[in-house]
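Read through the structure below, which is laid out as structure tokens, and then see the notes.
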Amino acid sequence: MVPMSSIDKLTLEAQNTLLRVAARSIAHGLNHGIALPVTTDEKDARLKILGATFVTLNINQQLRGCLGSLQAYRPLIEDVAANAFAAAFRDPRFERLTESEYPLVEIHISVLSTPEPMTFSDEESLITQLRPNQDGLILSEGTRKSTFLPSVWSNLSVPKEFLIALKRKAGLPS
């Protein structure tokens, strides 16, 4: 189990840049079938650092796609462009995003901190360590793995329910 939380807050300008890149990458995908190629010549140095992100797409407050990276291995701005494209066109739970859906899409970007292993003796010990609205969680057992981002707390605000739902997502018993 590994908690995740957002890294240091990006400037509003950097946040807006990432949102624009995500939207442009989806539009580029609609027109060219690939993610927007981006360069790291941005002024804001934080967009050049290696970063792990998830891009979540909603239409009418319903999930329409969500994919991302749990480990940082490419510049933040490139990760956002690639994950926006993937959320729109490669999330196996959904059909590819269509041109008619594109104007309806709401884009949310989660920038993750480096995952940190958790130590606990039992489920209660784990539950007491969870910080609602702050931590995401990666659960893995054998070949099964599932992830909840911190934003999931808005739907599952009780730590025990959060953990039960994450176990179910991984195909594990509650």
Side-chain angles (χ1 to χ4, degrees), residues 2-115 133-140 145-156 162 165-166 168-170:
V2 182
M4 300 175 301
S5 57
S6 295
I7 63 171
D8 295 335
K9 299 287 184 210
L10 295 171
T11 64
L12 185 57
E13 181 181 349
Q15 291 174 35
N16 288 333
T17 297
L18 291 178
L19 284 169
R20 280 192 307 275
V21 165
R24 287 178 40 219
S25 190
I26 294 167
H28 193 268
L30 284 167
N31 294 321
H32 304 287
I34 60 171
L36 177 72
V38 293
T39 60
T40 54
D41 62 355
E42 287 291 325
K43 291 180 226 167
D44 191 327
R46 288 187 177 182
L47 300 180
K48 298 177 192 179
I49 63 168
L50 299 185
T53 65
F54 267 75
V55 177
T56 302
L57 307 178
N58 291 322
I59 294 179
N60 297 323
Q61 299 179 344
Q62 297 294 311
L63 182 65
R64 181 57 181 83
C66 181
L67 288 176
S69 309
L70 292 173
Q71 297 287 334
Y73 67 96
R74 58 187 164 195
L76 186 61
I77 195 165
E78 290 177 23
D79 202 61
V80 166
N83 290 333
F85 173 83
F89 305 109
R90 295 197 175 139
D91 188 326
R93 298 169 292 181
F94 301 96
E95 295 293 320
R96 294 172 57 88
L97 189 79
T98 65
E99 283 192 47
S100 63
E101 291 175 305
Y102 177 68
L104 306 173
V105 168
E106 218 179 86
I107 301 170
H108 301 275
I109 300 170
S110 298
V111 179
L112 307 182
S113 61
T114 302
N133 301 310
Q134 247 183 307
D135 292 331
L137 194 62
I138 302 167
L139 171 70
S140 62
K145 188 174 190 175
S146 60
T147 303
F148 275 163
L149 299 174
S151 59
V152 173
W153 287 105
S154 64
N155 296 321
L156 295 166
F162 185 90
L166 186 60
R168 286 187 190 137
K169 182 178 177 187

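All values below come from the heavy atoms of this structure, side chains included, with hydrogens, waters and symmetry mates left out.
A heavy-atom distance below 4.5 Å is found between the side chains of Arg93 and Leu63. Put simply, the side chain of Leu50 reaches to within 4.5 Å of the side chain of Pro75, judged on heavy atoms. Taking 4.5 Å as the limit, every side-chain heavy atom of Arg96 sits out of range of all side-chain heavy atoms of Leu30. Looking at Thr147 and Leu137, their side chains never come closer than 4.5 Å, going by heavy atoms from C-beta outward. In this structure the side chain of Leu70 reaches within 4.5 angstrom of the side chain of Phe54, judged on heavy atoms. The closest side-chain heavy-atom distance from Ile59 to Glu106 is not below 4.5 Å.
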Audit row: Val55, Leu67, side chain to side chain contact (heavy atoms under 4.5 Å, CB included) steps and yes/no: CA-CA 6 Å; Val55 177; Leu67 288 176; over 6 Å; no
- request: Go through Asn58 and His108 one step at a time and tell me if the side chain to side chain contact (heavy atoms under 4.5 Å, CB included) criterion holds.
  value: CA-CA 8 Å; Asn58 291 322; His108 301 275; 3.4 Å; yes
- prompt: Leu19 and Val80: side chain to side chain contact (heavy atoms under 4.5 Å, CB included), yes or no, with the steps?
  reply: CA-CA 8 Å; Leu19 284 169; Val80 166; over 6 Å; no
task: May I have the step-by-step check of side chain to side chain contact (heavy atoms under 4.5 Å, CB included) for Leu76 and Thr53, ending in yes or no?
output: CA-CA 7 Å; Leu76 186 61; Thr53 65; 3.3 Å; yes
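Between the CD1 atom in Ile77 and the CG atom in Leu18 there is a gap of 6.0 Å [rounded to 0.5 Å]. With rounding to the nearest 0.5 Å, the separation of SG in Cys66 from CG in Asp91 is 7.0 Å. Taking CD1 of Ile109 as the reference point, atom CG of Leu10 lies at 9.5 Å (rounded to 0.5 Å). Considering CG of Leu166 and CD1 of Ile138, their distance stands at 9.5 Å, rounded to 0.5 Å. Between the CZ atom of Arg46 and the CD1 atom of Ile49 there is a distance of 7.5 Å, given to the nearest 0.5 Å. Between the CG atom in Leu104 and the CG atom in Leu97 there is a gap of 9.0 Å [rounded to 0.5 Å].
For Phe162, the ring pair (Phe, Tyr, Trp, His ring centres under 6.0 Å) criterion is met by Phe148, Trp153, not counting sequence neighbours.
Counting all heavy atoms, side chain and backbone alike, Ala52 lies closest to Ser69 at CB-O, 3.3 Å. The heavy-atom pair separating Lys145 from Ala170 by the smallest distance is C-CB, 4.3 Å. Nearest heavy atoms, Ser100 versus Pro103: O-CD, 3.5 Å. Between Ala87 and Leu57, the shortest heavy-atom contact is C-CD1, 3.7 Å.
The salt bridge (charged side-chain N to carboxylate O under 4.0 Å, His left out) contacts involving residues 57-77 comprise Arg64-Glu101, Arg74-Asp79, where partners must be two or more places apart or lie in separate chains. Listed by first and then second residue, the ring-ring contact (aromatic ring centres under 6.0 Å, His included) pairs involving residues 58-86 are Phe85-Phe89 (not counting sequence neighbours).
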Could you list the donor-acceptor pairs under 3.5 angstrom formed between side-chain atoms of residues 20-28 and any protein atom two or more places apart in sequence or on another chain?
| residue | atom | partner | partner atom | Å |
| --- | --- | --- | --- | --- |
| Arg20 | NH2 | Thr17 | OG1 | 3.2 |
| Ser25 | OG | Leu36 | N | 3.1 |
| Ser25 | OG | Ala81 | O | 2.7 |
| His28 | ND1 | Ile34 | O | 3.1 |

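Crowding of Asn31 atom CG: a count of heavy atoms from other residues, nucleotides or ligands under 6.0 Å exceeding 12.
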